[in-house]
Each structure stands twice: as C-alpha cells, then as structure tokens.
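It should be emphasised that the depicted structure is a prediction, and the values quoted were computed from it without experimental measurement. Counting starts at 1 for both ligands and their atoms, in listed order.
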Amino acid sequence: MTFASVAANTHYVPQDLPTHIQHYINGEFVDSVGGMTFDVLDPVSNTNYATAAAGQKEDIDLAVAAAREAFVNGPWPKMKPRERARILNRIADAVEAQEERLAELETFDTGLPITQAKGQALRAAENFRFFADLIVAQFDDAMKVPGSQINYVNRKPIGVAGLITPWNTPFMLESWKLAPALATGNTVVLKPAEFTPLSASLWATIFKDAGLPDGVFNLVNGLGEEAGDALVKHPDVPLISFTGETTTGQTIFRNAATNLKGLSMELGGKSPCVVFADADLDAAIDSALFGVFSLNGERCTAGSRILVERAIYDEFCEKYAARARNIVVGDPHDPKTQVGALVHPEHFAKVASYVEIGKTEGRLLAGGGRPEHLPEGNYIAPTVFADVAPDARIFQEEIFGPVVAITPFENDDEALALANNTKYGLAAYIWTQNLTRAHNFSQNVEAGMVWLNSHNVRDLRTPFGGVKASGLGHEGGYRSIDFYTDQQAVHITLGTVHTPKFGA
Ligand code: NAD
C-alpha cells in the first residue's frame with residue numbers, strides 16, 4: 001500500500017490514509033497485471049480519497065495459483081490443529097491491539113458510527129479465537145461398529161476457498177469466513193466489496209506478522225462482475241462462500257454450477273419484529289430501534305418490518321417515532337453519533353428513493369429524507385412509516401438503510417401471516433411474555449434465526465443463516481467446520497476379512 005497524509009476538509013480524516021490500495025498475492029502487495037484501478041470514495045465528503053487496483057481474470061488466476069501452490073505443497077494444511085490455532089490466536093491478539101486504528105479506518109470507509117465500528121473490530125478478533133479453540137477441541141469422529149469394524153470420519157481441508165464479501169461491516173464479515181476457512185487448513189482468495197476496500201489490506205499485514213505462510217491468504221480487489229466473476233468461475237476453486245444481495249447470489253449460484261462448487265450463501269433480508277400487546281413495551285421499543293437504526297440500518301438482520309398488536313399500536317407508534325426523532329445523526333467519527341453516513345452516493349440514492357416511495361405507501365411519522373443540519377454527505381434521517389400495507393414495496397423490498405415500516409395486526413394468526421409474507425427468511429424478533437405463544441410463533445415463522453425478547457446477539461457456537469431468498473446453508477460454529485472440510489469416511493475391518501468370493 002502507498003500511504004500519504006490527507007488534509008482534513010469537512011470532517012475527521014485518519015492519519016496515514018493510503019492513497020492507493022493494492023492486491024496481496026503470495027505474500028506481496030501488487031497492482032493489477034493490466035494496471036487497472038477504480039476510485040474509492042469517503043461517504044461523508046463523497047470525494048475520492050484513494051484508487052484501488054481493479055482485479056481482472058489474470059489477477060484472480062495469479063491469486064488462485066498462489067493459494068493452490070500453498071495448499072498442495074505448503075505447510076498450512078498439514079499443520080496440527082494446535083499449531084494453526086496458535087497462529088489464529090496471534091491474529092486475534094493483533095486485531096485487538098489495533099482496535100482503534102481498525103475502527104477509524106472502517107468508519108472512514110463505510111460511514112459507520114465509530115462506537116459501533118469498535119465493537120465490530122473486537123468481534124472480528126473473537127471469530128479468530130473461537131475457531132482456534134474449536135479446531136483444537138474437535139475434529140475427527142470415530143465410531144466402533146458392532147462386530148468387526150471401526151469407522152472414522154477424516155475431516156480434510158478442501159483446497160482454495162473463494163470468499164466474496166459485502167460492504168457492510170466489511171472487516172468483521174471477512175473474519176467470519178477467513179477464521180474458519182484458515183482454521184481448517186484451507187488456503188483462500190478474498191474478494192472484498194468495491195465500495196469498501198480499505199480495511200481488507202490490514203489482514204495481509206496482520207497475517208504475515210502472525211506467521212501465516214505466504215500464499216495461504218490472497219486478496220484481490222475489484223468489481224464483482226470482473227474479479228468476483230473470475231473467482232466464482234475458476235476451476236481450481238472448489239468452494240465459494242458469499243455474502244451479499246440475493247440477486248448476486250442467484251448469479252453466483254448459476255456460475256458455480258459448471259464446476260459444481262460447494263456454496264454457502266448469506267443473502268438479503270426483510271425481517272419482522274413482532275410486538276404483542278403483552279410485551280415489555282419499553283424493552284421492545286429499545287430493541288426495535290436498535291434493530292433497524294444501528295449500523296445505519298445497513299444490517300442484513302435489520303428488523304425493518306415492525307408488526308404491532310392493535311391494542312398497543314397507537315401507543316407504540318407514538319413512542320417509537322418520538323425516540324426515532326431523537327437519534328443523533330452526524331459525522332460517523334463523532335462518538336455521540338448513532339446514525340452516520342450511508343456507504344456510497346449510489347446506495348444513498350437507492351435509500352432516498354425508497355423514502356419517497358414510502359411517502360405514497362405509509363403515514364410518515366419521523367424523518368423523511370436528508371436531515372436539515374447535514375446538507376452534504378450520504379445522510380438520511382431515521383425514517384418511520386406507519387400503517388404500511390403488506391403489498392407495499394417498503395414492506396416487501398430490502399431497503400438496507402435507516403427506514404422502517406410499521407403495520408398493525410389483530411391476532412396471532414395474522415401476525416404470523418404478515419411475518420411470513422415476504423420472499424426473505426433471515427431473522428425474526430418476537431416480543432411477548434407468553435412463552436407458549438413465543439414458542440409456537442418461532443416454530444412457524446419462516447426465518448433462519450429467531451430472537452425472543454432479545455435483540456441481535458449471537459453466541460458464536462450457534463448457526464447463522466437464512467431460509468427462502470435469504471440464503472443457503474449456515475455459517476458459525478460447527479456448521480462452518482462442516483462447510484470448509486471434506487468428511488471422508490474411513491472403514492477399517494478388524495481381524496479376518498470375509499469378503500464374498502465372487503468368481504471363486
Ligand atoms: P452485492 O451482492 O452487491 O455484493 C457483494 C459482493 O459480491 C461484492 O464483493 C461484489 O463485488 C460481489 N459481486 C457482485 N457481483 C458479482 C458477481 N457477478 N460474481 C461474483 N461476485 C460478485 O451486495 P452488497 O451491496 O455489497 O451488500 C449488501 C447485501 O448483502 C444486502 O442484501 C445484505 O442483506 C446482504 N448481507 C447479508 C448478510 C447475511 O449474513 N445474510 C450479511 C451482510 C450483508
């Protein structure tokens with residue numbers, strides 16, 4: 001990377017910001033073979049602060065060749081789990097030690113409030129520690145079969161894992177894939193999102209310092225249709241872990257079919273937050289605000305459809321909207337900020353257009369566009385629409401910004417029907433004091449994850465993933481170990497072998 005100090009203009013600019021972001025292949029920072037670059041914007045001033053190398057097929061070919069060589073002839077896949085775990089723990093130490101720097105770069109690149117970016121950096125470290133512990137604690141299952149056999153399952157790393165990630169909380173989401181892929185002995189090529197390439201390069205230095213052999217981690221920046229597409233289609237990449245939009249996931253699914261790759265897909269969402277009249281109202285309001293306005297609403301599990309029982313509907317809407325109007329929107333580097341700038345002008349335009357659509361589809365209770373005190377940058381005031389019908393676009397479509405739709409329901413059956421009335425099925429949040437109702441609802445709601453009287457917290461041992469258009473497969477805990485390993489069954493016969501004597 002090339003570093004230079006950039007003078008602050010309208011807002012805080014971190015020291016020593018790179019002016020050019022490169023790939024990292026076989027232990028070296030390099031540019032694209034053809035010299036292509038793309039511009040990287042900061043979401044507060046919307047000016048180009050850097051260029052990034054734009055990877056093409058030939059750059060992906062080099063990265064995959066390096067990863068393949070490190071897999072076939074390098075030490076990493078053959079290391080004992082304990083040896084790999086030692087390096088993973090050093091990586092976690094380094095991420096924790098650099099928490100402040102990571103957070104300020106992530107905030108600068110994404111527009112995420114600084115206090116929330118710090119939490120994401122620590123979570124990235126936790127992911128590495130978690131998988132370090134997991135591979136030491138468990139690996140091969142053995143079973144004695146009655147009679148004369150012992151069978152065991154030999155878990156083997158698969159090869160070069162292609163990791164394709166989105167721009168929301170990029171560093172943390174990259175750690176979700178990197179930690180289990182590396183822990184299990186694979187080598188990787190990471191293609192981060194083009195809107196936010198800044199923090200991914202930090203992995204390269206952290207990994208090198210922690211002792212990860214060259215070629216095990218490779219990074220190619222670039223556009224999805226170029227670098228991402230080449231990675232998905234590469235014959236030497238047997239598995240792809242993808243997080244991003246549902247439509248992109250569908251394209252990747254089709255392109256990965258030619259070589260029949262292993263696929264993990266974490267896709268979009270339009271998750272319901274269902275509040276029954278017997279809920280602890282204050283706690284439900286806290287959670288329903290956090291659920292859609294934290295991380296600027298750029299959160300796959302955002303509870304962006306709030307369904308409220310009619311008996312408390314008016315009170316809920318009034319209190320919720322009053323709190324939404326109090327949310328502090330501003331420069332993401334200011335520790336008081338709760339909602340920062342959206343990641344990119346293109347995304348800002350998309351979210352702003354949904355706000356306009358919402359004005360024709362619901363009753364505007366808060367927000368409704370750019371806050372008056374922020375004439376520049378990608379800022380949208382927390383926006384609340386009530387009385388939204390289930391066929392409204394703002395009820396059905398993922399907005400991925402600080403915009404929420406509230407809809408009333410009369411009874412449990414209607415609540416469930418509304419909750420399931422979407423193509424997505426990522427998360428559901430349920431607020432009630434009635435355990436039987438909560439249990440029945442979670443059995444029937446079409447969602448990969450359910451939070452009862454709780455906001456978005458997850459123990460790393462539990463699976464993360466969606467159903468319907470929200471994804472395929474799960475990440476997290478043992479599910480990640482399953483995804484990143486082949487499970488070869490080995491059958492050993494004890495004593496004399498009694499094989500039927502064909503042809504004797
Ligand atoms: P996106 O689909 O536009 O891009 C994601 C990544 O895919 C980027 O790196 C992009 O360059 C790459 N890509 C694009 N086209 C490609 C192609 N044809 N082949 C290969 N790669 C390609 O998504 P985004 O806008 O970056 O992220 C936001 C989306 O991600 C939202 O829908 C959100 O819900 C989803 N998301 C889901 C989860 C989850 O765990 N379910 C988590 C975070 C984000």
Side-chain angles (χ1 to χ4, degrees), residues 38 40 52 54-57 60 109-110 112 120 123 127 162-177 189-197 200 219-234 237 240-258 261 263-271 292 295-304 342-344 346-351 354 397-401 422-427 447-449 456 458 462-476 479-480:
F38 63 96
V40 192
Q56 311 292 312
K57 184 177 175 307
I60 289 288
D109 205 22
T110 63
L112 205 65
Q120 298 296 324
R123 185 72 164 177
N127 277 327
L163 312 179
I164 303 180
T165 49
W167 47 258
N168 65 313
T169 60
F171 191 79
M172 198 283 289
L173 281 182
E174 287 152 17
S175 77
W176 242 5
K177 300 183 188 304
V189 177
L190 169 67
K191 209 303 277 171
E194 51 269 45
F195 282 177
T196 55
L219 161 71
V220 178
N221 287 295
L223 308 187
E225 313 79 63
E226 296 173 357
D229 184 72
L231 185 58
V232 169
K233 291 178 178 165
H234 202 293
V237 177
I240 294 284
S241 177
F242 169 72
T243 300
E245 282 189 14
T246 299
T247 48
T248 314
Q250 288 165 330
T251 304
I252 289 178
F253 192 93
R254 280 191 295 273
N255 289 341
T258 317
K261 292 172 196 286
L263 279 181
S264 158
M265 299 247 167
E266 302 292 351
L267 310 176
K270 191 75 187 179
S271 300
V292 74
L295 307 182
N296 299 343
E298 297 165 325
R299 181 196 272 284
C300 55
T301 50
S304 51
L342 299 188
V343 68
H344 192 273
E346 271 174 33
H347 185 59
F348 171 84
K350 174 188 154 187
V351 176
Y354 274 109
E397 296 172 21
E398 185 183 45
I399 300 173
F400 219 56
T422 159
K423 68 175 181 176
Y424 294 108
L426 192 55
M449 295 166 286
N456 195 335
R458 181 177 73 90
T462 58
F464 187 104
V467 297
K468 294 160 72 180
S470 288
L472 268 186
H474 291 95
E475 297 196 290
R479 277 79 182 176
S480 291

Shortest protein heavy-atom distance from atom 28 (C) of ligand 1, along with the residue and atom involved: F400 CE2, 3.7 Å

Minimum side-chain heavy-atom gap T243-E475 below 4.5 Å: yes

Ligand 1 contacted by A193 (non-hydrogen, < 4.0 Å): yes

Atoms of ligand 1 close to T248 [distance to a heavy atom under 4.0 angstrom, numbered from 1]: 1 (P), 2 (O), 3 (O), 13 (N), 14 (C), 15 (N), 16 (C), 22 (C)

Shortest reach to atom 39 (C) of ligand 1 by a heavy atom, considering only P170, G471, C300, P192: C300

From CA spacing to verdict: ring pair (Phe, Tyr, Trp, His ring centres under 6.0 Å), H347, W167: CA-CA 11 Å; H347 185 59; W167 47 258; 4.8 Å; yes

Donor-acceptor contact present, side-chain S271 to main-chain G303, <3.5 Å: no

Nearest atoms (heavy-atom pairs only) where G269 meets S470: CA-OG, 4.0 Å

Point-to-point distance, once rounded to the nearest 0.5 Å, from CG of L263 to CZ of F242: 10.5 Å

Enumerated ligand 1 atoms positioned under 4.0 Å from heavy atoms of W167: 24 (P), 25 (O), 26 (O), 27 (O)

Backbone N/O of L163 and side chain of K191: donor-acceptor pair under 3.5 Å: no

Heavy-atom nearest neighbour in the protein, as seen from atom 6 (C) of ligand 1, with distance rounded to 0.1 Å: T165 O, 3.4 Å

Where ligand 1 meets G228 - atom numbers and elements under 4.0 angstrom, heavy-atom basis: 19 (N), 20 (C), 21 (N)

Heavy-atom gap G249 to ligand 1 smaller than 4.0 Å: no

Atom 11 (O) of ligand 1 protein-contacted (non-hydrogen atom, under 4.0 angstrom): yes

Ligand 1 versus E298: contacting region, heavy-atom distance under 4.0 Å: neither

Minimum-distance pair of heavy atoms, taken over all atoms of A427 and A447: C-CB, 3.8 Å

E397-Y354 side chain donor-acceptor pair, cut-off 3.5 Å: yes

Interatomic spacing from CG in N221 to CD in E226 - rounded to 0.5 Å: 12.5 Å

Exercise: do S264 and K177 side chains pair donor with acceptor under 3.5 Å: no

Reported OG1-to-CD distance for the pair T247 and E398, which is rounded to 0.5 angstrom: 9.5 Å

Test log, rule side chain to side chain donor-acceptor pair (under 3.5 Å), inputs T301 and N456: CA-CA 8 Å; T301 50; N456 195 335; 2.4 Å; yes

For I252, atoms of ligand 1 separated by under 4.0 Å from a heavy atom: 19 (N), 20 (C), 21 (N)

For ligand 1, the portion of T243 having any non-hydrogen atom under 4.0 Å away: both

Any F242 heavy atom less than 4.0 Å from ligand 1: yes

Heavy-atom nearest neighbour in the protein, as seen from atom 27 (O) of ligand 1, with distance rounded to 0.1 Å: P166 CB, 3.2 Å

Distance-only N or O hit between ligand 1 and E194, under 3.5 Å: yes

Under-4.0 Å heavy-atom contact with ligand 1, by part of L231 that carries it: neither

Sub-3.5 Å N/O-N/O distance, T246 and ligand 1: no

For the student: nearest non-hydrogen atoms of K468 and T422, plus distance: NZ-O, 2.8 Å

Heavy-atom nearest neighbour in the protein, as seen from atom 35 (C) of ligand 1, with distance rounded to 0.1 Å: G244 O, 3.3 Å

Distance filter under 4.0 Å to D229 heavy atoms, resulting ligand 1 atoms: 19 (N), 20 (C)

Closest heavy-atom pair and its distance - E298, T110: OE1-O, 4.5 Å

Ring centroid separation W176 to F171 under 6.0 Å: no

Atom 41 (N) of ligand 1: the protein heavy-atom neighbour that sits closest, reported with distance to 0.1 Å: L267 O, 2.8 Å

L190 side, atom CG; I164 side, atom CD1 - distance, nearest 0.5 Å: 9.5 Å

Nitrogen or oxygen of K191 less than 3.5 angstrom from that of ligand 1: yes

Protein contact of atom 17 (C) of ligand 1 - nearest heavy atom, named by residue and atom, plus distance: G224 O, 3.4 Å

Residue N168 vicinity, atoms of ligand 1 by number, heavy atom under 4.0 Å: 43 (C), 44 (C)

Nearest protein heavy atom with distance in Å, relative to atom 23 (O) of ligand 1: E245 N, 3.4 Å

Atom indices of ligand 1, in the order listed, that fall short of 4.0 Å to a heavy atom of L426: 41 (N)

Ligand 1-proximal atoms of H347, by part, heavy-atom distance under 4.0 Å: neither

Any N/O pair E398/ligand 1 closer than 3.5 Å: yes

